[in-house]
Amino acid sequence: MTPDEAAAHLSEIAYLLRHQGDTHRARAFTRVGGLVPRERPDLVALRQTDRLATLEGVGSGIARTLAELVDTGRSTYLERLREELDQPIAYPAPGEPSPLVLGGYRGDLHSHTDGSDGGASVLAMARAAHARGSEYLATTHHSPRITVCNGLGPERLAAQRHLIDEANRELEGITILQGVEVDINEDGSLDEPDEALAALDIVIASPHVGLRMERSAMTDRMLRALENPHVDVIGHPTGRRPGTRPGADYDHEAVFAAAAARGVLLELDCDPARMDLSPELAALAASLGCRFSLDSDAHAPDQFIYVDLGIWVTRRAGIGTDRVVNWLALDDLKEVFA
Ligand SMILES: [Zn+2]
Ligand SMILES: [Zn+2]
């Protein structure tokens with residue numbers, strides 16, 4: 001088992017724990033899951049010399065899980081949690097394409113690079129996505145308002161276009177789409193000028209701040225964002241973080257119906273800390289005619305695996321792959337975003 005795979009297992013455990021309300025333990029697993037791939041390439045050696053518990057943040061419980069993962073490639077703890085939440089799953093073997101990709105998933109439409117708060121370059125992210133078998137990848141930076149994430153304004157977006165064009169000339173077998181994850185301001189306006197949005201391949205509009213707004217104001221905010229003709233996708237539509245933050249309250253039916261009418265996709269954000277939409281809201285959106293985008297929101301190459309984790313939401317919500325645009329060939333996808 002590679003450190004990346006171990007980390008993916010730890011992240012899934014964290015996600016399931018959050019759903020069960022065990023936020024404290026979830027945080028511990030998330031922290032170690034984030035640290036292992038970056039800082040512990042020597043995970044196996046640590047196990048062999050019985051030093052796993054010396055890692056920062058690793059208590060005896062996490063050490064036991066890590067030891068079992070290294071020794072057997074499995075975690076009985078994870079398997080028990082999965083059973084409790086009824087979600088069987090297959091993982092890609094090392095260096096193999098993801099089972100999801102083998103099932104027709106063609107590319108991820110929400111990812112971050114070191115251009116804002118991600119951990120790897122555009123090229124490294126694209127190569128990692130290609131190794132999984134993906135045909136395309138959208139890189140979607142934050143907008144300027146999210147200053148902690150080093151968001152990109154119009155000038156830096158224009159500069160990034162050149163970087164992406166260059167990368168696309170260099171890459172074979174995968175195409176990078178230039179996008180943005182633009183913030184939905186409290187009044188429903190967007191945190192980038194229209195001209196900047198018009199020049200992009202894909203525009204995800206996401207609510208990040210002010211999520212505790214009163215219900216009717218929040219509904220107006222989301223409806224106004226949907227009126228912007230450049231918006232292609234609503235990213236993690238409620239902003240919830242299971243176990244830590246409930247997510248924005250608004251008239252879901254009105255907002256989802258407006259999204260369906262305007263042909264704006266709703267994202268199923270598979271970051272284990274988000275899993276937003278929930279299966280219940282996703283089912284509601286599907287019943288109102290919405291289409292979806294199933295994404296990792298990856299900030300590092302090993303996080304593309306999140307879509308393999310998150311696919312259960314579509315099953316639980318009864319959403320067929322015909323309703324999820326990531327199963328479309330690139331040309332057909334471009335039609336959707338035209
Ligand atoms: Zn976001
Ligand atoms: Zn994001």
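What's counted below: heavy atoms across the whole structure, side chains too, no hydrogens, waters or symmetry copies. Along the sequence shown, residues are numbered consecutively beginning with 1. For ligands, and for the atoms within them, numbers begin at 1 and follow the listed sequence.
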Inset, instruction - Could you check whether the rings of His208 and His142 sit parallel, tilted or perpendicular, using 30° and 60° as the cut-offs? - result: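 The arrangement is perpendicular - the two ring planes meet at more than 60°.
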
Charged N-O contact under 4.0 Å between [X] and [Y]:
X	Y	answer
Asp71	Arg47	yes
Asp271	Arg241	no
Asp165	Arg169	no

Legend entry - Atom name in Asp297, limited to N/O/S, at shortest distance from the Zn ion (ligand 2):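 Nearest to the Zn ion (ligand 2) within Asp297's N, O and S set: OD1.
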
Legend entry - Vertex the Zn ion (ligand 2), arms to His112 NE2 and His110 NE2, rounded to 10°: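 About 100°, to the nearest ten degrees.
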
Legend entry - the Zn ion (ligand 1) contact by His236, N, O or S atom under 2.8 Å: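 Yes - counting backbone and side chain alike, His236 has an N, O or S atom under 2.8 Å.
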
Inset, instruction - State whether Glu181 contributes an N/O/S atom found under 2.8 Å from the Zn ion (ligand 1). - result: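 So Glu181 counts as coordinating the Zn ion (ligand 1), yes.
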
Inset, instruction - Confirm or rule out an N/O/S atom of Asp271, from backbone or side chain, lying less than 2.8 Å from the Zn ion (ligand 2). - result: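 Given the 2.8 Å cut-off, Asp271 does not count as a ligand of the Zn ion (ligand 2).
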
Inset, instruction - Identify the heavy atoms of Leu277 and Ala285 that sit nearest to each other, and give their distance. - result: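 Shortest heavy-atom contact: CD1-CB, 4.5 Å.
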
